[in-house]
Every structure is written in C-alpha cells, then in structure tokens.
Engineer: 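Got a structure here, written out as structure tokens. Questions coming.
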Amino acid sequence: MKKVAILISGRGSNMMSLVEASGDAYQVVVVASDKPGAAGLDWAREHAIATFALSPMKIGKPTYEAALDGALRESGAEVIALAGYMRLLSDDFVAKWRGSILNIHPSLLPKYKGLDTHARAIAAGDRQAGCSVHVVTEELDGGEVLGQAEVAVEPGDTAETLAARVLAAEHRLYPQVLAGYCAR
Ligand code: GRF
C-alpha cells in the first residue's frame with residue numbers, strides 16, 4: 001500500500017476526504033502545512049495522523065522546503081497530495097519528487113489555471129465548471145491531468161455557490177484518482 005503525505009494550508013476539507021476514503025488503497029502517513037494554525041492540522045491530530053507544521057516566513061523558502069522534504073522522507077511518504085496547499089513548490093523540490101506530487105485544482109484544466117477559477121468560469125459564460133487532479137510539474141497547474149469531474153453552472157450561480165458544488169465534487173474525485181494513481 002502506497003504511503004501518502006498530504007499538504008494543506010487551511011481548512012483541509014479535501015485532506016479529510018482523502019483520509020476518510022483511504023481504505024486499502026493508500027495510507028496517509030503525515031499531514032503537513034506551511035501554516036502552523038491550519039484548522040486541518042487539529043483534525044489530523046485527532047485522527048492520530050502525524051503532522052508537520054512550519055512557517056517559511058522567518059526562515060525562508062529553501063530552509064523551509066529542506067525541513068519539509070526531511071519530514072516527508074522520514075514519514076516514508078512515496079506520494080505527496082497537495083490539498084489546498086497555497087504555496088508554490090520550488091523547481092528543486094518538484095524535481096526531487098518528480099512525478100510523485102498530485103494536486104487538485106478547481107477548474108476543468110487547461111482552463112483557468114491559477115486563482116479565481118469560479119468567477120472566471122461564470123464571467124466567461126461557461127455552462128460547465130469542475131475540478132481536475134493533475135501531476136505537479138514546474139509549470140503552475142500544468143502537469144498531466146489524471147482525472148476530472150464536471151459540475152454544471154446554474155443560472156444565478158455566484159463564485160461562492162459554484163465553489164461549494166465544485167468542492168463537493170472535489171471530495172469525490174480526489175480519493176478516486178489518488179487510489180488509481182497509487183495502484184499503478
Ligand atoms: C479547494 O477548492 C481546492 O481545489 C483548492 O483549494 C481549496 C482547498 O480547500 N486548491 P480545502 O482546504 O481542501 O477545504
């Protein structure tokens with residue numbers, strides 16, 4: 001069974017879905033964050049999952065990433081799942097874990113890389129929005145797409161109402177795709 005590390009920056013609802021759906025497909029060995037106050041860390045601790053939290057603010061990105069890399073290696077993680085991790089990993093870090101980092105992004109990639117995806121989909125008049133799980137490369141939201149889920153844009157949708165439905169789809173999609181990835 002593949003060992004998975006999950007990186008979060010905030011509430012961690014995708015992380016919770018990944019943990020709850022892990023079953024025999026993969027084992028979550030650590031939840032790590034660049035935000036020591038991230039709400040999801042408390043949830044992970046309550047579920048007896050090891051955590052690692054360190055802010056890059058005072059120590060700088062290279063020192064932060066070296067410590068993160070060390071903690072992930074020590075945990076035995078073979079795969080890294082980014083789940084609302086709001087920081088760009090350096091090219092060096094991506095190269096060290098090449099092909100082993102996944103991310104969930106709230107758009108139908110290659111559309112709407114970056115931020116404000118839901119507002120951009122609504123402004124464009126799209127009928128379908130959704131989410132994608134992709135391999136992380138040096139290019140922002142640019143790696144191979146492993147799976148997508150479509151969500152209809154409803155008349156009167158705001159970025160918030162659409163985001164809530166896409167988030168529910170993320171919670172279904174990410175565990176499925178991660179399980180498939182870990183099985184290959
Ligand atoms: C999700 O919308 C995800 O697609 C994006 O950031 C949000 C994270 O939410 N990358 P959560 O922390 O998993 O609740």
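Atoms within a ligand are numbered from 1 in the order they appear, just like the ligands themselves.
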Engineer: For Pro110, does its backbone N or O pair with a side-chain atom of His105 as donor and acceptor, under 3.5 Å?
Structural biologist: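 Side chain of His105 to backbone of Pro110, a donor-acceptor pair under 3.5 Å: no, none is there.
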
Engineer: Under the salt bridge (charged side-chain N to carboxylate O under 4.0 Å, His left out) definition, can you give me all pairs with a residue in residues 21-44, not counting sequence neighbours?
Structural biologist: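 Qualifying pairs: Asp34-Arg87, Asp42-Arg45.
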
Engineer: Should Arg73 and Asp69 be marked as a salt bridge (charged side-chain N to carboxylate O under 4.0 Å, His left out) after you check the CA-CA gap, both sets of side-chain angles, and the distance that decides it?
Structural biologist: CA-CA 6 Å; Arg73 303 281 176 199; Asp69 181 64; 3.2 Å; yes

Engineer: Any pair with a residue in residues 30-85 that passes ring pair (Phe, Tyr, Trp, His ring centres under 6.0 Å), sequence neighbours left out, goes on the list, sorted by first then second residue, please.
Structural biologist: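 Qualifying pairs, neighbours excluded: Trp43-His47.
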
Engineer: When you check the gap from the basic side-chain N to the acidic O, do Glu150 and Arg127 get nearer than 4.0 Å?
Structural biologist: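 Here Glu150 does not pair with Arg127 in a salt bridge, since their nearest N and O are not under 4.0 Å apart.
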
Engineer: Anything with a heavy atom under 4.0 Å from ligand 1 counts, so go ahead and list those protein residues by chain and number.
Structural biologist: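 Only Arg11, Gly12, Ser13, Asn14, Gly84, Ile104, Pro106, Glu170 have heavy atoms that fall under 4.0 Å of ligand 1, ordered by chain and number.
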
Engineer: Please list all pairs meeting salt bridge (charged side-chain N to carboxylate O under 4.0 Å, His left out) that have one or both residues in residues 159-179, counting only residues at least two apart or in different chains.
Structural biologist: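 Found Asp157-Arg165.
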
